[in-house]
Novice: 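For reference, the structure I am asking about is given below.
The first residue in the sequence is number 1, and the count goes up from there. Both backbone and side-chain heavy atoms feed into the values below; hydrogens, waters and symmetry mates do not.
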Amino acid sequence: MANITLKNIPEEVYKQLKERAKNSQRSINSEIIRAIQNHIVRAERPDPDEIIRKAREFRSKIKVRLSPEEIEQAINEGRP
């Protein structure tokens, strides 16, 4: 595995990393790796057309169809 040395990290960024690492029960190094991985994954977002195609394909397999009114009623059921 490669090693990287980070220099001149702003104090506020370091405090936030330290806090996130503590809350996630990870080391600061592991938290930095996690943040980099999350950033790279977000940068490689799938094509919106592909998401829509998959959603339509999934919907075509669902046998129960609800109207917008039925969905709203289900959402509001039991609410004051």
Novice: Does Gln16 have more than 12 heavy atoms from other residues, nucleotides or ligands lying within 6.0 Å of its CD?
Specialist: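 Yes, enclosed.
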Novice: Can you name the residues that form a side chain to side chain contact (heavy atoms under 4.5 Å, CB included) with Glu69, not counting sequence neighbours?
Specialist: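 Partners of Glu69 by the side chain to side chain contact (heavy atoms under 4.5 Å, CB included) criterion, ordered by chain and then number, come out as Ser67.
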Novice: Sort and list the pairs that fulfil salt bridge (Lys or Arg N to Asp or Glu O under 4.0 Å) and have at least one residue in residues 10-22, not counting sequence neighbours.
Specialist: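 Found Arg20-Glu31.
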Novice: Do other residues, nucleotides or ligands put more than 12 heavy atoms under 6.0 Å from Glu72 CD?
Specialist: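 Open.
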Novice: I'd like to check the side chain to side chain contact (heavy atoms under 4.5 Å, CB included) partners of Ile62; sequence neighbours left out, ordered by chain and number.
Specialist: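 In terms of side chain to side chain contact (heavy atoms under 4.5 Å, CB included), with neighbours along the sequence ignored, Ile62 is linked to Phe58.
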Novice: Is there a side-chain contact (heavy atoms from CB on, under 4.5 Å) between Asp47 and Ile51 once you walk through the steps?
Specialist: CA-CA 7 Å; Asp47 178 35; Ile51 294 171; over 6 Å; no
Novice: Distance from Asn29 atom CG to Ile33 atom CD1, nearest 0.5 Å?
Specialist: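 These two atoms lie 4.5 Å from each other.
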Novice: Looking at residues at least two apart in the chain, or sitting in another chain, which of them share a side-chain hydrogen bond (donor to acceptor under 3.5 Å, both in side chains) with Glu50?
Specialist: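 Residues passing side-chain hydrogen bond (donor to acceptor under 3.5 Å, both in side chains) with Glu50: Arg53.
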Novice: Taking all non-hydrogen atoms of both residues into account, name the closest pair between Arg59 and Arg65 and its distance.
Specialist: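 The pair with the smallest heavy-atom distance is O-NH1, 3.2 Å.
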Novice: Shortest non-hydrogen contact from Ala21 to Ser27?
Specialist: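 What the structure gives for the nearest pair is CB-O, 3.7 Å.
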Novice: Please give the remaining members of the hydrophobic cluster of Tyr14, linking ILVMFWY side chains under 4.5 Å, ordered by chain and number.
Specialist: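 Besides Tyr14, the hydrophobic cluster comprises Ile4, Leu6, Ile9, Val13, Leu17, Ile28, Ile32, Ile36, Ile40, listed by chain and residue number.
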Novice: Please check if atom CZ in Arg34 has more than 12 non-hydrogen atoms from other residues, nucleotides or ligands closer than 6.0 Å.
Specialist: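 No.
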